[in-house]
Amino acid sequence: MSETASRRGVELPTAYDPAQTERKWYEKWLKGGYFTAGKRPDAPRYTIVIPPPNVTGNLHIGHALDFTLQDILIRFKRMQGYDALWLPGTDHAGIATQTKVEQHLREEEGKTRHDLGREEFLKRVWAWKEHYANTIREQWAKMGFSLDYTRERFTLDEGLSRAVLEVFVRLYEKGLIYRGKRIINWDPETRTALSDIEVEYKEVQGRLYHLRYPLTDGSGYIEVATTRPETMLGDTAVAVHPEDERYRHLVGKTVRLPILGREIPIIADEYVDMEFGSGAVKITPAHDPNDFEVGLRHDLPQILVMDEAGRMNENAGPYQGLDRFECRKKIVEDLTAQGFCVKIEEHVHQVGHSQRSGAVVEPYLSTQWFVAMKPLAERAIAAQKSGKAVRFVPERFEKIYLHWIENVKDWCISRQLWWGHRIPAWYCEACEEIHVGHEAPAACRKCGHTALRQDEDVLDTWFSSALWPFSTLGWPDDTEDMRRYYPTDVLVTGYDIIYFWVARMIFTALEFTDSIPFREVLIHGLVRDAQGRKMSKSLGNGVDPLEVIEKYGADAMRFMISTGSTPGQDVRFRWEKVEQARNFANKIWNASRFVLMNLDGYEPGDPDLDGPLTAADRWILHRFNETAREVTRLLDQYENGETGRVLYDFIWDDLCDWYIEFSKLSLYGDDPERRKTTQRVLVWVLDRTLRLLHPFMPFITEEIWQHLPRAAEAGETIMLAEWPRPDDRLNAPEAVREMELLKQTIRAVRNVRAESGVAPGKKVELLVKPAGEAELELFKRNEAYLVRFAGTSSLVIDPNLAPPAKAVTAVVTGAELFLPLAGLIDIEQEIARLEKELAHLNAEVERVEKKLANEGFVSKAPLHIVEEERAKERDYREKRDKVLARIAELRG
RNA sequence: GAUCUCAUAGCUCAGUUGGGAGAGCACCAUCUUGACAGGGUGGGGGUCGCAGGUUCAAGUCCUGCUGAGAUCACCA
C-alpha cells in the first residue's frame, strides 16, 4: 500500500501531451514482452495475421485504419484473457517495388536494371526493402500497435519461399498449374504479363474506325469496324455470323488485307453479333482474347504484330518500329488515303490500364504459367455454401466474393520481373522438357542432357500472399504455431482486395490446409479525403498518419479513424474529426486530473456496495456496468462506431458532466466517510473506464492508469489488466430513477432561469412542491445538490406550499418547481411561456391517447411497449394538468 | 447491361434484430464557478430523396422512381 500511497496527489499537467508519453509506453510494452504471444498456454488463443503492407514506401492513412481496427480487437481479446497473437509482416510487392527501385536507379544513376544485371539489381531491391521495412516498423510503433515482432515475416524470406515452392510443385503435380500460350494482359510499360484483376478498365473517349476489306474476287468489299486499327496488321480472317443472310454467300471467299496485301478467309462463327456494327468482324488471334478463341476453332494463324514494349514488330511491314499509338495514327491516314477507311465515329468504351503503371494494357499472345482455377474455385464455392464458410462482415461482401469466384478464369501467375519468387521450372536445353521441382534437376529426365536453364520469370506477388495465413505460421512444416494459432480468427481488410487476396487465401487454404484460413472477414472501406475523393499520389491529397499523430497524438488518430465509420463504408478524413477526438482525450485527461487531485485520505479498496453509497454513487456504478456490457457486446460485433459513441457519451455526459460535478459535494464536504466512499467510486470507475477505452486509446489510458492508485493484482500494465465484466450487483434501478429526477429538476431550473433572463450567477429562491411522500423524501435527501446545481439561495420543499403569483413555474415528473422572481417577472409573459409549454404537452397527450385508443396497438403490440405508452400518458397528463392549473391561478 | 452502396439538422455523419429521430462542427445567448475555454450552461434548426405497399406501428422491411457513387461484365 505504500506504493499506492506514494503515488497519491501526483500532479498531472493541465493538458495531455501525447508526444511525451507515447514513445515511453511503447518502449515499456516492448521491453515487457507484452506483445509476444504464447505466454498463456492454457488460455484460448485469438489470432490475427496482418495484411502485409508493401515494402514500396511509407504507410498511409488507409493502413492506419486497417491496422487500428486489428489492434483494437487484439488488445480487447488480450485483456479478456486470450493468448492473443497479432502477427506482423511485409509484402515484397513484385511489380510495385521493382518499378520503384528501377525508377530510383534511373533518376539517381541513369541506369536500367539490365545495366546492373539480375544479381546486383536484386541486391539493390533488398536494400530498399530493408529500409522501408524499418520505416514501417517505426510507423507501427508510433501508432501503438501491439504486434508480436518475434514472429514477423516477409513474403520473400526463407520459410515463406519454401511454402511458395511447395504449393507450386504440388499444384503442378496435380495438373492445376500449367504452362501455355494464351492471350494475356500485357503491360508494355513494365513489360510483364498481368492477371485479369490487375487490369483496371476506364471509360475512354475513343474512335470506332470502319474499314473496307476488298474481296479477292473483285466483287466488292466487306466492312469491318475496330477501335484498334493497328491490329489489322495481324488479322488472319474476317468473321460473320453463320445465319447472317447478308454475308452467307461470302463465307468461304477471301479478302485482301489492305496495306499488307495478305489474303485472308471469310469465316462463319457464332461468336459474331449480327446486330452490332456491320455484322462482320476482323479477327486478330494474337491480339484479342475472343479472336484467339475464334482462331483456335478455325485453325487460323496467330500473327503477333507488336513487341514487348508495344512497338510494331517485323510483321507490321512498313510500320515496324513505330509505337502502337503512332502506328494507329499513321495507319488510319494511309487507309483513308487509299480509300479503305470509310468512316470514323466517336466512340466511348472501356480500355484496360495496368493497375501499377497506368499504361494501356495490350491483349497479347504469350507463353505464361497459369493456375487452373475451376477445381479450386469449385471447392471454395462448395465450402462457402455448406457450413464450412467464412463469415463476411458486413454480409453483403459474401455475394461479391461468390460472384467473383463463380466466374473466375485461369490465373496467369508468371511475371517478367526479377523481384519475386522465381518459378521453379527448368527447361532442358536440348529437348525443352520441363522439370518442376524444389531444386534444379541434375539432368534432363527425357534425354539425359545436363544443361538446364531455369525459367527467368517470377510469380505474381499475390501467389505468395495467398498463403500468408499459414505460411507465416510455419507451413508446410507441422509447427507448434501452426497447430496453436491456425486457422486464424478474423481477417481485417478493405473491400478493394477481396478478389486479389481474400478469395485467393480461401481457396489456397482449402486446398493445402483443408480448412478455411479465418473464421471471419471484417471488411472496411477506403479512407477518402474531405471532399470524398479517393486519396492518390497524383492528386496529392493523401494524409500522412505521422502528421496526424504529430499534431493530435496517436490516440486521437486511432479513435477518430476507428470510430468514424460504419463497417464496410468509406470514411472521409476530416481534421475536425481528429480535433474532436483530441478534445475527447483531453477531457479524459482532465477528469483524471480531477480524480488524482482529490485523493487526500484515500484508502485503497473497492467501493462497498452495502455501505452508505449515495444515489449518484450507485447511479454511476450502474451506468458503468451498462456501458461495460454494451462495449463488450459491440466490440464482439465489430461495431466500432457505436462503441466509440457509447464510451464518449458515458465519459463525457455521465462521468464528467454529472458524476464528477456531484462528487464535488462529497469531496469538498466535511464528512470524511462520504469523501472516502466517493474517492473509491471515482477511482474504481475511472480505472475500469480506462480499461474499456484502452483498445482505442492505448497511450493515454496507460499513462493515466499508471498514476492511479490500484491493487497489485491489477498487474503492471493496463494492457494486461482484466477486461471489466458486467456485474449484476451493480444494478441500481432506484438510484437511476432518483438521479433521473434530480437531473430533470436541475435542468428544468436552469432552463427557466435562462428563459426568464436570470443572470447565471444570481442565486434565487427555489420552491419545490413534490407530488407525494416518496418525492418529498427524495428531494429532502438531495437538497444539497439542488442548492448547488440550480443556483439556489434558499430552498423550500413542501407538498402543501402555496406558490406566489410572481414566480416562474416548471413542471417535472414528480414535482412542481417555482422560482419567485418578484422584480423580474411579467405575469403576461409567464402565462404566454406556460401556454407554449401547454400546447406542447397537449400535443403529446393527444398523440399518446390516440395510440392507446387504437385497438390494434393495445392488442398486438408487446406488453412492455403498451405499458411504456401508458406511463407516458400519465406523465404528460399530470404535467399538463399542473400547467393548466397554474395558468388558471395566474389569470385568476 | 448486372450487382451493390448511399440519400437523415447549414456541413460531416450515427441511428445495433420495426416502437416517434441523435452526435460533432457551425450558429444564437451566457459563464474568466477551485479537472478541462481543446471547457460549462441554455437554445434554435429535420415533411429522415420521391411514390406506393406490408404492419397496430416504417428513418428502419418490400416494390418502383429520381439522383450520387462503387464493383463486375461487355459490341469488335
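In what follows, chains carry the letters A, B, and so on, assigned in the order in which the sequence lines appear, proteins first and then strands, with residues in each chain numbered from 1. Atom set for the values below is all heavy atoms of this structure, side chains included, hydrogens, waters and symmetry mates excluded.
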Asker: Counting just side-chain N and O atoms, does A/Tyr668 come under 4.0 Å of either OP1 or OP2 of B/A35?
Answerer: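 Yes, within the criterion.
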Asker: Hunt down any stem RNA chain B takes part in, defined as 3 or more consecutive Watson-Crick or G-U pairs whose two distances are each under 3.5 Å.
Answerer: B:1-7 with B:66-72, B:10-13 with B:22-25, B:27-31 with B:39-43, B:49-53 with B:61-65
Asker: Decide, yes or no, whether a salt bridge links A/Glu345 with A/Arg207 under the criterion of side-chain N to carboxylate O below 4.0 Å.
Answerer: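 Not counted as a salt bridge, because no side-chain N and carboxylate O are separated by less than 4.0 Å.
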Asker: What integer number of Å spans the C1' atoms of B/U55 and B/G20?
Answerer: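 Their C1' atoms lie roughly 16 Å apart.
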Asker: Which value, in whole Å, describes the distance between the C1' atoms of nucleotides B/G43 and B/A26?
Answerer: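 These two C1' atoms come out 15 Å apart once rounded.
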Asker: For A/Arg228, check salt bridge (Lys or Arg N to Asp or Glu O under 4.0 Å) against everything at least two apart and list the hits.
Answerer: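 A/Asp288, A/Glu362.
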Asker: When the P atoms of B/G49 and B/U60 are compared, how many Å lie between them, rounded to an integer?
Answerer: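 8 Å, rounded to whole Å.
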Asker: I'd like to know if the side chain of A/Asp687 pairs up with that of A/Trp705 as donor and acceptor (distance under 3.5 Å, no hydrogens or angles considered).
Answerer: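 Side chains of A/Asp687 and A/Trp705: pair found under 3.5 Å.
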Asker: Rounding to a whole Å, what distance do you find between A/Arg396:CZ and B/U3:P?
Answerer: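 Atom-to-atom, A/Arg396 to B/U3, this comes out as 16 Å.
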Asker: Rounded to the nearest 0.5 Å, what separates atom CG in A/Asn583 from atom CD1 in A/Ile588?
Answerer: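 The CG atom of A/Asn583 sits 11.0 Å away from the CD1 atom of A/Ile588.
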Asker: When you compare B/G22 with B/U16, how far apart are their C1' atoms, in angstrom units rounded to a whole number?
Answerer: 15 Å
Asker: Would you compute the distance between atom CG of A/Leu596 and atom NE2 of A/His707 and round it to the nearest 0.5 angstrom?
Answerer: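 One gets 7.5 Å once the value is rounded to the nearest 0.5 Å.
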Asker: Select base, sugar-phosphate, or nothing to describe what A/Ile498 touches, counting heavy atoms under 4.0 Å on all strands.
Answerer: nothing
Asker: Measuring only the P atom in each nucleotide, how far is B/C4 from B/U12? A whole number of Å is fine.
Answerer: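 It works out to 27 Å between them.
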Asker: In chain order, what residues pass the salt bridge (Lys or Arg N to Asp or Glu O under 4.0 Å) check against A/Glu398, with sequence neighbours excluded?
Answerer: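 Here no residue qualifies.
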Asker: Any idea which of B/U5, B/A35, B/U12 is nearest the A/Glu661 side chain?
Answerer: B/A35
Asker: Sequence neighbours left out, what passes side chain to side chain donor-acceptor pair (under 3.5 Å) with A/Lys577? Give chain and number order.
Answerer: none
Asker: Name the one of A/Val224, A/Ile222, A/Val342, A/Val255 that satisfies side chain to side chain contact (heavy atoms under 4.5 Å, CB included) with A/Arg212?
Answerer: A/Val342
Asker: Take a 6.0 Å sphere around CZ of A/Arg788 and say whether it holds more than 12 heavy atoms from other residues, nucleotides or ligands.
Answerer: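 More than 12 within 6.0 Å, yes.
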Asker: Can you run down the side-chain hydrogen bond (donor to acceptor under 3.5 Å, both in side chains) pairs that involve residues 630-641 of chain A, sequence neighbours left out, and say none if there aren't any?
Answerer: A/Lys77-A/Asp636, A/Glu520-A/Tyr638, A/Glu630-A/Arg633, A/Thr632-A/Trp723
Asker: Base, backbone or nothing for each nucleotide of nucleotides 68-76 of chain B, written B, S, -, heavy atoms under 4.0 angstrom, 5' to 3'?
Answerer: ---SSBBBB
Asker: From the options A/Val272, A/Ile267, A/Val281, select the one residue that forms a side chain to side chain contact (heavy atoms under 4.5 Å, CB included) with A/Val294.
Answerer: A/Ile267
Asker: Once side chain to side chain contact (heavy atoms under 4.5 Å, CB included) is applied, do any residues pair with A/Arg533, and if so which ones, sequence neighbours excluded?
Answerer: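 A/Asp529, A/Gln531, A/Leu539, A/Asn541.
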Asker: Roughly how far, to the nearest 0.5 Å, is OG1 of A/Thr226 from CG of A/Leu208?
Answerer: 7.5 Å
Asker: For the C1' atoms, the ones on B/G45 and on B/C25, what distance do you get once it is rounded to whole angstrom?
Answerer: 14 Å
Asker: In whole Å, what separates the P atom of B/U32 from that of B/A14?
Answerer: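 Each nucleotide's P atom is 39 Å from the other's.
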Asker: What's the gap between B/C13 and B/C75 when it is taken at their C1' atoms, as a whole Å value?
Answerer: 42 Å
Asker: Which letters describe nucleotides 14-23 of chain B, given B = protein heavy atom under 4.0 Å from base, S = only from sugar-phosphate, - = neither?
Answerer: SSB--B----
Asker: Pairs under 3.5 angstrom, nitrogen or oxygen only, protein versus nucleotides 38-43 of chain B, please.
Answerer:
unit_1: B/G38; atom_1: O4'; unit_2: A/Asn583; atom_2: OD1; d: 3.4
unit_1: B/G38; atom_1: N2; unit_2: A/Asn586; atom_2: ND2; d: 3.0
unit_1: B/G38; atom_1: N3; unit_2: A/Arg582; atom_2: NE; d: 3.4
unit_1: B/G39; atom_1: OP1; unit_2: A/Asn583; atom_2: ND2; d: 3.2
unit_1: B/G39; atom_1: O3'; unit_2: A/Lys587; atom_2: NZ; d: 3.1
unit_1: B/G40; atom_1: OP1; unit_2: A/Lys587; atom_2: NZ; d: 3.3
unit_1: B/G40; atom_1: OP1; unit_2: A/Trp652; atom_2: NE1; d: 2.4
unit_1: B/G43; atom_1: OP1; unit_2: A/Asn751; atom_2: ND2; d: 3.1

Asker: Counting the atoms with a prime plus P, OP1 and OP2 as sugar-phosphate, which does A/Ser592 contact under 4.0 Å by heavy atoms, base, sugar-phosphate, or nothing?
Answerer: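 Counting heavy atoms under 4.0 Å across all strands, no contact is made by A/Ser592.
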Asker: Assess whether a salt bridge exists between A/Arg870 and A/Glu867, defined as any Lys/Arg side-chain N lying under 4.0 Å from an Asp/Glu carboxylate O.
Answerer: yes
Asker: B/U3 P sits how many Å from A/Asn407 CG, rounded?
Answerer: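 Checked: the CG to P distance equals 13 Å.
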Asker: Please list, chain by chain and in numerical order, all residues satisfying ring pair (Phe, Tyr, Trp, His ring centres under 6.0 Å) with A/Tyr401, sequence neighbours excluded.
Answerer: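 Applying ring pair (Phe, Tyr, Trp, His ring centres under 6.0 Å) to A/Tyr401 gives A/Phe392.
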Asker: If you look only at pairs with a residue in residues 269-278 of chain A, which of them pass as a salt bridge (charged side-chain N to carboxylate O under 4.0 Å, His left out), with sequence neighbours excluded?
Answerer: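 Every pair satisfying salt bridge (charged side-chain N to carboxylate O under 4.0 Å, His left out) with a residue in residues 269-278 of chain A: A/Asp269-A/Arg297.
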Asker: Go through residues 551-563 of chain A and report each residue with a non-hydrogen atom lying under 4.0 Å from RNA chain B, sorted by number.
Answerer: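 Those residues: none at all.
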